[in-house]
Amino acid sequence: MNTYLPFLQLRPKFRSLWLAQVISLSGDWFNTIASIIIVNRYSASGLALGGLLIARALPPFLLGPLAGVVADRFDRRKILILSDVLRAGIVLGFLLVDRPERLWLLYALTVLQFSVSTYFEPARAALVPALVENDELLKANTLSSVTWSAMLTLGGAIGGLTASLFGVRVSLIVDASSFLVSAMLLLSITGQFRSDAGHTLESGWKNFVDGLHYVRKNPDIGLVTLVKALGQVGSFDIIAALYAARVFREGQEGATTLGLMFTAFGVGAVIGPLIANQFGDSSVVWLRRAILGGFVCMPLAWLIVGLAPSLPIALLGCILRGIGGSVNWTYSDVLLQMSVPDHLLGRVFTFDFAIFTLAVSVSLWLTGFITDEFRLAPRIIVLLLATGSLGPLAVWGAALRWQTRRAAQRSMNR
């Protein structure tokens, strides 16, 4: 990480964005663990847990088109600040969910929270190229990805311990506070961060359609926007919750197991891009091949978790799953930032994230449905996910061969 310290010193505006991410993400994992514990406390249904995760995943899909247009038409820094302030207030409302008959409120507030969050991620991703040079994008995105993963590691461990020792109310208060601190850090970024598209008088709908046309006319970009979605064969969140409740139940209401599994996933996500960066460069060809390696990790990871005789062995599988997901997330973001024009970046990232959240929602619903309908043990579900993960691996392998042939044909025609 020594190479990243001079980079953060050189780019103070990106440093502020990064610090805001550190604070905000650390609180997010407190919220995740607290919400899962609340659902497990008041309902034993797999669909109830799946419903919570769908409530987190579906709003970005439904509101994504509007969020992308907003990110391309308005000041991206201001969007981030407003999102943080609104989410701080919403999360405090979770404190009202203190009995089974109020469980519906958890779902409603979760939908509201992640509806606001929908505007945050495309604006953050589209803001990064304005804060760093083009040849620094790989470094900036690796740092952002490692930060997300490190906060998962620390937040998962500390959040699980906090929930176990002090209860979910303290975890929720920490999460709300983190959003306010993040907003304060974002206020220190000076300047206007509005793309050229923000000055046009075109309708928001036309802006959105233009973004879709760009993706359709550029199949290489379209394939990259599918990377995150292809990796969503099974939700790590719901598997961790099932293992904490039914397989390795450690700590109050399984909070210790839940925290350890998130921590292990986070460790893998931290080291994934850092290791991959040592074997290649920032070329498009290398980034695509590294993504294939990420897809290889996923079925292997699920296989280890499904067959694990003890929690420590299962945690090794969680680490490998984190490695695969983090490499694919980081490198797909870099490919988009390197290739997409600035005035379309927000919309393309929104499309990318919308497809991802749709895949997450479908996967969550299917996992919950199978759990309730067929009464399968968590281990059997995980082994099914290991088999299913071979599909995305085959798809990206075929896409990589197609892209290689296409590039060779272009070279011959020059």
Side-chain angles (χ1 to χ4, degrees), residues 32-33 35-58 100 103 106-107 110 156 160 229-251 253-265 268 295-322 324-325 356-395:
T32 299
I33 292 175
S35 297
I36 290 174
I37 289 175
I38 290 172
V39 172
N40 282 341
R41 177 187 297 166
Y42 295 132
S43 175
S45 170
L47 283 176
L49 182 58
L52 169 67
L53 299 175
I54 290 174
R56 297 164 69 96
L58 202 54
L103 188 58
L106 178 70
Y107 295 102
T110 298
L230 286 172
Q232 301 313 303
V233 177
S235 164
F236 181 82
D237 290 356
I238 197 168
I239 294 303
L242 289 173
Y243 266 57
R246 305 182 190 180
V247 183
F248 304 118
R249 190 179 176 90
E250 301 289 342
E253 300 180 281
T256 300
T257 297
L258 195 61
L260 287 174
M261 293 186 75
F262 279 129
T263 298
F265 183 94
F295 280 119
V296 171
C297 291
M298 294 180 185
L300 292 176
W302 286 131
L303 186 64
I304 292 171
V305 173
L307 298 177
S310 63
L311 179 57
I313 301 300
L315 296 180
L316 293 177
C318 296
I319 291 174
L320 187 59
R321 180 61 180 82
F356 161 72
T357 54
L358 176 62
V360 169
S361 299
V362 172
S363 179
L364 289 170
W365 182 84
L366 283 174
T367 303
F369 175 78
I370 291 172
T371 300
D372 284 355
E373 187 70 17
F374 299 101
R375 305 294 180 183
L376 296 178
R379 291 185 184 276
I380 299 301
I381 295 173
V382 173
L383 292 176
L384 290 174
L385 296 180
T387 303
S389 295
L390 296 174
L393 172 59
V395 169

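Nothing here was measured: the structure is a model prediction, and the numbers come from that model.
Residues passing the side-chain contact (heavy atoms from CB on, under 4.5 Å) test with T32 are W29, I36, R56, F262, sequence neighbours excluded. Remark: V362 pairs with L358, L366 by the side-chain contact (heavy atoms from CB on, under 4.5 Å) rule, at least two apart or across chains.
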Distance-only criterion, 3.5 Å: show the donor-acceptor pairs between side-chain atoms of residues 378-387 and protein atoms not counting sequence neighbours.
residue	atom	partner	partner atom	Å
R379	NH1	G306	O	3.3
R379	NH1	A308	O	2.5
R379	NH2	A308	O	2.9
T387	OG1	L383	O	3.3

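When all heavy atoms of L106 and T110 are compared, the pair lying nearest together is O-OG1, 2.6 Å. In plain terms, the two heavy atoms of F236 and W302 that are nearest each other are CA-CH2, 4.0 Å. When every heavy atom of V233 is checked against every heavy atom of G388, the shortest pair comes out as CG1-C, 3.8 Å. Across all their heavy atoms, A301 and G317 have their closest contact at CB-O, 3.3 Å. Listed here is the closest heavy atom pair of F295 and G231: CE2-N, 3.9 Å. Summarising the geometry of G51 relative to Y107, their closest heavy-atom pair is C-CE2, 3.6 Å, with the distance given to 0.1 Å.
Here the straight-line distance linking atom CG of L258 with atom CD1 of I37 works out to 6.5 Å at 0.5 Å rounding. One distance of note links CZ of R249 with OG1 of T256; it measures 11.0 Å at 0.5 Å rounding. One finds the OG1 atom of T263 at 11.0 Å from the CE atom of M261 (value rounded to the nearest 0.5 Å). Rounded to the nearest 0.5 angstrom, L242 CG and N40 CG are separated by 8.0 Å.
Formation of a donor-acceptor pair under 3.5 Å by the Y243 side chain with backbone atoms of V305 is found in this model.
A heavy-atom distance below 4.5 Å is not found between the side chains of L315 and I319.
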